[in-house]
Amino acid sequence: MADPQEILAARVQSALGAALGAEFAETDPVIRPSQFADYQANAALALAKRIGRAPRDVAADIVAQLDVDDLCREVEISGPGFINLTLRDDWIAAQAQALLSDPRAGVPQQDPETVAIDYSAPNVAKEMHVGHLRTTVVGDALARVLEALGHRVVRQNHIGDWGTPFGMLIEHLLDAGEDSPEAELVKTDPNAFYQAAREKFDDSAEFAARARKRVVDLQAGDPETLRLWQELVDLSKVYFNRIYAKLDVTLTDSDLAGESTYNAMLPGICEELERTGIAEISEGALCVFLEGFTGREGRPVPLIVRKSDGGYGYGTTDLATVKYRVEQLGARRLLYVIGAPQSLHLRMVWQTARKAGWLPEGVDPVHVQIGNVLGSDGKILRTRSGKPIRLMELLDEAVERATTVVADNRPDLDEATRASIARDVGIGAVKYADLSVSHDTEYVFDYDRMLALTGNTGPYLQYAAARIRSIFRKGGVDPASAEGPVVLTEPAERELALALLGFGPAVAAVGATLEPHRLCSYLFDLAQAFTAFFEQCPVLQAADPAVRESRFALIAATLQTLVAGLDLLGVRAPEQM
RNA sequence: GCACCUGUAGCUCAGUGGAAAGAGCAUCGGACUUCUAAUCCGACGGUCGCAGGUUCGAAUCCUGCCAGGUGCGCCA
């Protein structure tokens, strides 16, 4: 609604049509933020070449037709033909004030689309690692953002709940006893359970034989085996939900759509692929060979849909997810928030699905590639002993470190309040660190940096919000009662108000690009604009009551935006810090 | 060998074909009698991996090369 860039684009575009002819009325006016003004329009330079005239003359013709008196204070042609646009203070003020009464805080309502998001996807009876952490946090932020934009989001937690390991896991569960402390480990330390099963499998031929038989029983649908399998899944759900609760992730049991969900579809998928000639038997396995996919020594890379032993692999279940999400869920966008190394696999799955007709024109699958999380040594994050780090311990350590910092700085607060702040800050820091860099690149995990109160961190944004709340508390004013009117005089006021207008566009950009770090960058800029304002513009001590009211309105809008933005990222904003 | 990703300040990272490439950290120098100094301001810091090409204009697009990472048939 109040996106200056969009409004200016429309105005400049109609000026283009008026100045240069109707055939230019659709031309992109190329509005960009400017270091010399608020915005600049760069269209004249590109058009000058096309119509064979001097760029500055073209710019002058555009400006002559440009009707922006109601929103621009200054329009200036500069350099080789840039059109610099400076907004009117009263226009910015009115827009910022309008945000206060907008329940959407400027976030646009888009045409609803059904979007399936595949994210998190931990394995039953296995520890979640930092890679799962990142897909969980990024996927959840995307789900929140797309919902905020008005879309119907269907979360799909594709947990690993099927396959050969369940033979040994079930036998180990039986050996240990279903209600034993060993079984309880699945809820708290699943890797300990898994490793124990693995060791027995490796050491005991008798156990291994039982495990293999158990896999056959599982696939055959033996009721008692299925009951034990369900037992393991249920124990794991307890573990997943503990992690999700700690992380403030929106996933629930109703979002679970694990591999086993698709079992019934798999034979039909293979049959159809074979019947249509898309798949063929090779070395005993049913494979799809696609053009352009070659591996070592130029050999074609297969997508194996049925193994030579008759079993199904993840290629088949992934094909089933496409079919299910398109046909049953009616999804028009399929998001796979999955590790970057799976890129080749996914492209093969999608191309196969296209050939088979399961992925119609107009339905776009997107791989939101998640880069690895590295330790300070530049290698994949592990403990000193080389084992993967337990996610719960990692989160606890973040909270613990935050606890120390809060205790040092806020001895005046009672322990329960400090603990609550430490939780919000510690967890927020970890999540924000995952979100604030491009999701597809690797990044270096560093507690000290993510917990810092300076720089582009979660705590810095939380602190900005806490300072605003502190002002309202101290002034005995309810942020909801701040109405303005907003009047801009100080440069820091203007900067802050202008920054506020960028929230809706930033959220829309995340929805379009699926890059949550853009929202982080925006919120960091906003927090910096607020901090500058905080230093220069007293609110409670403002001599003029009108200035005081205006500043209350500005910081109320800032608070609303920061809290809404952090919420879209899944990060809490504590009352005080 | 093939494919994908990455290469930007000492470090961690942004950067929509537009003007003189940005931020944070670190370093150095400043600012608390004033709404939270867990903050802020200033300075320093660059052959945007290399070489070509396209363009009025390239960190951005194309080609080649170099370096690092990842993946490449029955685990998922």
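Given the structure is predicted, the values throughout are model-derived calculations rather than measurements.
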Could you check which nucleotide pairs with G71(B) in any of the strands shown, counting Watson-Crick or G-U wobble with both distances under 3.5 Å?
C2(B)
Establish, with yes or no, whether the OP1 or OP2 oxygen of A37(B) is under 4.0 angstrom from a side-chain nitrogen or oxygen of Arg467(A).
yes
Among G15(B), C2(B), G73(B), the nucleotide that comes nearest once only the side chain of Ile304(A) is considered:
G73(B)
Where the side chain of Thr294(A) is defined as all heavy atoms beyond and including C-beta, which of U16(B), C56(B), C2(B) is the nearest nucleotide?
C2(B)
Sugar-phosphate only, base, or nothing, as touched by Gly455(A) at under 4.0 Å among non-hydrogen atoms
sugar-phosphate
Going by purine N1 to pyrimidine N3 plus the second Watson-Crick contact, or the G-U wobble pair, all under 3.5 Å, which nucleotide sits opposite A26(B)?
none
May I ask you to decide if the ring planes of Phe445(A) and Tyr447(A) are parallel, tilted or perpendicular, using 30° and 60° as cut-offs?
perpendicular
P atoms of G7(B) and C50(B), separation to the nearest Å
13 Å
Mate of A31(B) where both pairing distances stay under 3.5 Å, Watson-Crick or G-U
U39(B)
OP1 or OP2 of C13(B) less than 4.0 angstrom from a side-chain nitrogen or oxygen of Ser521(A), does that happen here?
no
Between atom OH in Tyr460(A) and atom P in G24(B), what is the gap in whole Å?
9 Å
Just checking Phe293(A): base, sugar-phosphate only, or nothing, at a heavy-atom cut-off of under 4.0 Å?
nothing
Please evaluate the base of A23(B) for a donor-acceptor partner in the side chain of Gln528(A) within a cut-off of under 3.5 Å?
no
With a 4.5 Å limit on heavy-atom distance, are the side chains of Met450(A) and Val430(A) in contact?
yes
Just call it for Ala46(A): base, sugar-phosphate, or nothing, with non-hydrogen atoms closer than 4.0 Å on any strand.
base
Inter-nucleotide P distance (C41(B), A37(B)), Å rounded
13 Å
Which part of the nucleic acid does Cys520(A) contact within heavy-atom distance under 4.0 Å: base, sugar-phosphate only, or nothing?
nothing
Whole-Å gap separating C1' (U16(B)) and CD (Glu6(A)):
15 Å
Tell me whether the side-chain N or O atoms of Asp525(A) pair up with the base of A14(B) as donor and acceptor below 3.5 Å, since no angle test is needed here.
no
C1'-based separation of A59(B) from A51(B) [nearest Å]
16 Å
Classify the ring geometry between Phe166(A) and Trp229(A) as parallel (under 30°), tilted (30 to 60°) or perpendicular (over 60°).
perpendicular
Mate of G45(B) where both pairing distances stay under 3.5 Å, Watson-Crick or G-U
none
For Gly292(A) and Ser470(A), take the nucleotide of RNA chain B holding the closest heavy atom to each; which residue's nucleotide lies nearer the 5' end?
Gly292(A)
Establish, with yes or no, whether the OP1 or OP2 oxygen of G18(B) is under 4.0 angstrom from a side-chain nitrogen or oxygen of Tyr39(A).
no
Could you check whether Phe201(A) and His172(A) have their ring centres less than 6.0 Å apart?
no
Write down the distance separating the C1' atoms in U54(B) and G15(B), rounded off to the nearest Å.
22 Å
Across all strands, who's sitting opposite U55(B) as a Watson-Crick or G-U wobble pair, both distances under 3.5 Å?
none
What is the nucleic acid contact for Gln369(A), judged by heavy atoms within less than 4.0 Å: base, sugar-phosphate only, or nothing?
nothing
Compare the minimum distances between each of C35(B), A19(B), A3(B) and the side chain of Val539(A), then state the nucleotide with the smallest one.
C35(B)
Are any of Lys49(A)'s side-chain N or O atoms less than 4.0 Å away from OP1 or OP2 of U55(B)?
no
What's Arg299(A) touching, base or sugar-phosphate or nothing? Going by heavy atoms closer than 4.0 Å.
base
Less than 6.0 angstrom from the centroid, inside 45 degrees of the normal: does Arg467(A) satisfy that with respect to the ring of Phe534(A)?
yes
Which base, if any, makes a Watson-Crick or G-U wobble pair with U16(B), both distances under 3.5 Å?
none
Between G17(B) and G53(B) - C1' atom distance, rounded Å:
16 Å
Should the ring pair Tyr262(A) and His158(A) be called parallel, tilted or perpendicular, given that the plane angle runs from 0 to 90° and is split at 30 and 60?
tilted
Using a cut-off of 4.0 Å on non-hydrogen atoms, how would the nucleic acid contact of Asp318(A) be classed: base, sugar-phosphate, or nothing?
nothing
Among G71(B), A14(B), G18(B), the one nearest any side-chain atom of His517(A) is A14(B)
For Gly298(A), report the nucleic acid contact type (base, sugar-phosphate, nothing); a contact means any heavy atom under 4.0 Å.
nothing
Under 3.5 Å donor-acceptor pair, Ser78(A) side-chain atoms to A19(B) base atoms:
yes
ring-ring contact (aromatic ring centres under 6.0 Å, His included) evaluation trace for Trp350(A) with Tyr336(A)
CA-CA 11 Å; Trp350(A) 297 339; Tyr336(A) 290 81; 5.6 Å; yes
Distance check, P atoms only: C56(B) and G71(B), in whole angstrom units.
44 Å
I want to verify the glycosidic state of C66(B); is it syn or anti under the 90° rule?
anti
Within the side chain of Thr513(A), is there an N or O that forms a donor-acceptor pair under 3.5 Å with the backbone of Ala509(A)?
yes
Scan Pro538(A) against the nucleic acid and name what it touches under 4.0 Å (heavy atoms): base, sugar-phosphate only, or nothing.
base
Kindly give the heavy-atom pair with the smallest separation between Gly426(A) and Leu451(A), and that separation in Å.
CA-CD2, 4.1 Å
Answer with base, sugar-phosphate or nothing: what part of the nucleic acid does Ala466(A) contact at a heavy-atom distance below 4.0 Å?
base
Roughly how far apart, to the nearest Å, are G49(B) and U16(B) at atom P?
15 Å
Nucleotide of U36(B), C40(B), C4(B) approaching Thr531(A) most closely (side-chain heavy atoms)
C40(B)
Of the candidate nucleotides A23(B), U36(B), C74(B), which contains the atom at the shortest distance from the side chain of Ser308(A)?
C74(B)
Of Phe534(A) and Pro302(A), whose closest RNA chain B nucleotide lies nearer the 5' terminus?
Phe534(A)
Is there a donor and acceptor pair closer than 3.5 Å between the side chain of Arg449(A) and the base of U12(B)?
no
Mind checking Ser282(A) for me? I need base, sugar-phosphate or nothing, with any heavy atom below 4.0 Å counting as a touch.
base
Is any NZ, NE, NH1 or NH2 atom of the basic residue among Arg198(A) and Glu171(A) found under 4.0 Å from an Asp or Glu carboxylate oxygen of the other?
no
For Ser438(A), which contact category applies under a 4.0 Å heavy-atom criterion: base, sugar-phosphate, or nothing?
sugar-phosphate
Rounded distance in Å between the P positions of A23(B) and U55(B)
34 Å
Measure from the side-chain heavy atoms of Thr454(A) and tell me the nearest of U39(B), G18(B), U36(B).
U39(B)
Base, sugar-phosphate or nothing for Phe472(A)? Non-hydrogen atoms, less than 4.0 Å.
nothing
Both distances under 3.5 Å, Watson-Crick or G-U wobble: report the partner of A9(B), or none.
none
Testing A14(B), A37(B), A19(B) for proximity to the side chain of Val437(A), the answer is A14(B)
Picking from U6(B), C74(B), G71(B), the nucleotide nearest the side-chain atoms of Ala285(A) would be C74(B)
Of all the nucleotides listed (C35(B), A19(B), C72(B)), which has the minimum atom distance to the side chain of Arg296(A)?
C72(B)
Separation of atom CD in Gln342(A) from atom C1' in C75(B), rounded to whole Å
11 Å
